[in-house]
Amino acid sequence: AVWARLPRTARQDQRPGAAAVLLAASAPGVCGHLISAGHDCGWSPSFAKCFLASMDFDLDDDDKEEEDTPDGQADGQPHFEKDCIIFLVDARRSMISAEVAGQKSRFLQALSCIASCMRERIVSGDSDLVGVVLFGTAESRAPNEMQPFPHTYVLLEPEVPSGAAIRELTKLVETADLSAFGCMADAAELELSNTLWLVAMLLNATPRARACRKRVIVISDDDDPSAAKADAKQRAMLRAKDLADAKVKLEPIFLKPAPPRHFDLSHSSFWKQLLDEAQPAHAETGVDEASEAESWTSGLLCVDEEALSARVRRTQHRKRAYGSVDLRISESQLISLRLVTVVQPFAKPAATKLHAASNEALASERTLLCNQHGSVLQPSDTFKACDFGGKWVFFEPYELKQLGAGLAPLGLALLGFKPLERLKPYHSLRPPVFLEPSEARQGSTCAVQALAAAMGRTRKVAICTFSRGATLRLVALLPQQRQLDAHTGSVHLPDGFHMVHLPWADEVRSPALPPPLDIGDFSAGQLGAARALVQGLALRCDVDGGRSAGDGGGSGDDKPVAPLAHVTTIANPAAHRYFAIMQAVVLGSADVELTVDGTLPDNEWLGSHSDMIRRFLDVFGVSPAAPGTASESSRLPKKKKRSAPQTDAEWMELYKKEGREGLAELTVPELKTFCKRNSLAVGGKKDDLVTRIECELLKCDAEGGPRLEPDEKVEY
């Protein structure tokens, strides 16, 4: 389909019922509706069939919406795209004292992990807010116009992570100078309720936090900050309940205290009772409730800095839930699901144009101009149309929104089930989206668990229609049953479905491929050598027992190969180099972090399998190139550089002999020399210069007149 923007004055007579025909043609497989509508507007059935075959409208283009853009939320709860995270760090003596001389204390380890998370936020381009509040300090500090509380110090207010904030935390970690806030005396009493009250006021005083998911991450090694005092404990419970009513989520990260202290994680402990009060009753956090309940008894206690860093990174990470959808089993049975992106493309941030004098970002505007008159076109002067068969079919904005409406119910509608074997890897048009249950409709979690278990037991996939406005696709739902971590007992994989976008029939290609070779075309030695090579040079991955796949030699027998469970990921060297330089500039560091290119061959690892590779080459009769010798392509004679034509006759001869390709082999300075001599423009890219010269030579050849020599001059 060809979309055109034309002045409204160019509108010609329209066929009656054109919008109805396009509406019927916007869904695949409705040729009968199209033909019947075509009779109403005077079109023949053959014309309607051709019209249907050519239709491929992007119905969402008018609103500039992507398919992943979240539309209305079915559960009525907001799905925030940004987070406001406040790290609440214990700064008392047990935290700031190092167990071993020369090592970092738990407090410095926590600050180091927070700085690392802020760097990741900057690199990923997220505009989340991050703040740091310390409790148990000797000094007190609060933002302007806010009441300070004893033993509470606001180190960083909630702001978008910046280089200055990271430098401040890094300086504290490197120098270990805590004199700015100090440590409270051992005999002093800590009122945790005041700290939670300050956090609530800090969130309320931050305007940008209102449109964010509010989270408070507590890092401490004390299992009872109230010192077993019932009044202080009760006040802390009330403040935690206030945070829950304000839809603020409290998440703990505990550090294992030094012996002989023991950290109490029983259900009667202080933190367990506090977190029970701090659970938001109706907050939509995008986190599985069952996962949160089980995570209390496992994985909360960190024994070293590595475990703390992994826990902080996992806690501050959020699921990218961008909308809700209903799975329609029947007219009266609906299951509420939440859409969560699993894989997202990671690209460099777009460049921002800055003013040369003030270094401020420049705002850009786009104006449409008429090709004929050069006048500015207003929104009312433009509309969308489709040129079909020499006739323009025009659309009003409300007509575009109606296209595709009524083809299928909004959301997911179950059509039936197919065997799992019918779904092929090449059927996936894009990265799948994960669907997790949402209790917007009561009982959805139990229904998803039962449906996923039944589909997994019978090895079935569900086929559904997925409609979001004018977009209609067929999707397959792959069940995923909950799996628990064998070591920690926490939820490793939640219950839900992976939604795979399926192609239409005309989107599946059938390329002509040569017939595959039969196994009888190879000898037993060749098959054994090939199996050994594939097994021995497989991608290395971490499997149980610490052994890496690919480290084995491979004997050539028919032993099954274990599936690669966790293939080692290879970082993008160009992206890492880019962000390493950006990080050095932001932090004001002269040292740029070294980037290791993991895409290059590992010669040491390949050398350990040299016998296997040599055996494979010998069996198939391939002679390897000796090290240091030139390859076959490098031994080919190099093409001589073409000398530039000196006269117009030579330029004409070159063009007639080799055409545009011959001109393209010349350098830009040589092309500009011809343009200057013939009074042609010299701006633009090389392709523009070649086009100008080609037009000039064609014009000269048509006129047949004499051309100027290089030493002649033209006077005007």
Side-chain angles (χ1 to χ4, degrees), residues 85-117 132-137 151 155 169 172-173 176 178 181 183-186 188 190 192 195-196 215-229 232-233 236 240 249-276 278 291-317 484-492:
I85 303 176
I86 293 183
F87 288 94
L88 194 58
V89 186
D90 191 348
R92 288 177 289 177
R93 194 171 306 280
S94 60
M95 285 284 292
I96 65 175
S97 301
E99 296 183 14
V100 181
Q103 293 184 356
K104 290 189 297 184
S105 63
R106 298 181 184 87
F107 178 76
L108 296 181
Q109 292 176 9
L111 294 186
S112 178
C113 294
I114 295 173
S116 176
C117 292
V132 180
V133 177
L134 310 179
F135 66 95
T137 59
H151 311 305
L155 183 61
L169 293 179
L172 286 175
V173 174
L178 311 181
F181 43 85
C183 174
M184 64 180 287
D186 296 337
L190 174 65
L192 186 61
T195 305
L196 298 179
R215 303 167 61 189
V216 178
I217 300 178
V218 185
I219 303 178
S220 176
D221 67 342
D222 189 0
D223 58 355
D224 191 2
S226 64
K229 295 183 178 180
K233 181 178 180 180
K249 187 168 181 61
L250 199 63
E251 305 176 47
I253 297 179
F254 302 135
L255 300 177
K256 186 176 181 180
R261 292 176 55 196
H262 173 70
F263 203 100
D264 185 12
L265 279 177
S266 64
H267 286 270
S268 60
S269 62
F270 169 84
W271 287 110
K272 174 58 178 175
Q273 297 179 19
L274 181 75
L275 292 177
D276 288 341
S291 174
E292 290 296 314
E294 294 188 9
S295 64
W296 163 252
T297 57
S298 61
L300 292 181
L301 195 61
C302 304
V303 297
D304 52 15
E305 183 177 2
E306 182 179 356
L308 174 63
S309 178
R311 180 68 187 179
V312 170
R313 184 178 296 107
R314 186 168 61 251
T315 302
Q316 63 92 32
H317 174 74
L484 303 180
D485 190 276
H487 302 287
T488 63
S490 60
V491 177
H492 180 62

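- Side-chain contact between L155 and L169 is present, with at least one heavy-atom pair separated by less than 4.5 Å.
- Take D221 and apply the side chain to side chain contact (heavy atoms under 4.5 Å, CB included) test, not counting sequence neighbours, and it matches D90, S94, M95, R106, L255, R261.
- The side-chain hydrogen bond (donor to acceptor under 3.5 Å, both in side chains) search around D222 returns R92, not counting sequence neighbours.
- Annotation: side chain of I217 is not in contact with side chain of L88 (no heavy-atom distance under 4.5 Å).
- Two residues are said to be in side-chain contact when any heavy atoms from C-beta on lie closer than 4.5 Å; V133 and F87 fail this criterion.
- Nearest heavy-atom pair, W271 versus D224, reported as atom, atom and distance to 0.1 Å: NE1-N, 4.4 Å.
- Taking S105 as the reference, nothing meets the side-chain hydrogen bond (donor to acceptor under 3.5 Å, both in side chains) condition, with sequence neighbours excluded.
- Once rounded to the nearest 0.5 Å, the distance linking CD1 of I219 with CD of Q109 reads 10.5 Å.
- Applying the side-chain hydrogen bond (donor to acceptor under 3.5 Å, both in side chains) test to T195 and every residue at least two apart in sequence or in another chain returns T152.
- When all heavy atoms of R93 and D186 are compared, the pair lying nearest together is NE-OD1, 3.2 Å.
- Looking at H151, its side chain does come within 3.5 Å of a backbone N or O of T137 through a donor-acceptor pair.
- Proximity of L190 to M184: side-chain heavy atoms (C-beta onward) are separated by under 4.5 Å at one or more points.
- Summarising the geometry of S112 relative to V173, their closest heavy-atom pair is N-CG2, 3.8 Å, with the distance given to 0.1 Å.
- Between D223 and F270, the shortest heavy-atom distance links the atoms O-CB, 3.5 Å.
- The distance from atom SG of C183 to atom CG of L178, rounded to the nearest 0.5 Å, is 9.0 Å.
- When all heavy atoms of A110 and V89 are compared, the closest pair comes out as CB-CG1, 4.1 Å.
- By the side-chain hydrogen bond (donor to acceptor under 3.5 Å, both in side chains) test, K256 is found to be paired with no residue, residues two or more places apart in sequence or in another chain being considered.
- Proximity of I253 to V218: side-chain heavy atoms (C-beta onward) are nowhere separated by under 4.5 Å.
- For S116, the side chain to side chain contact (heavy atoms under 4.5 Å, CB included) partners at least two apart in sequence or on another chain are R119, E120, R313.
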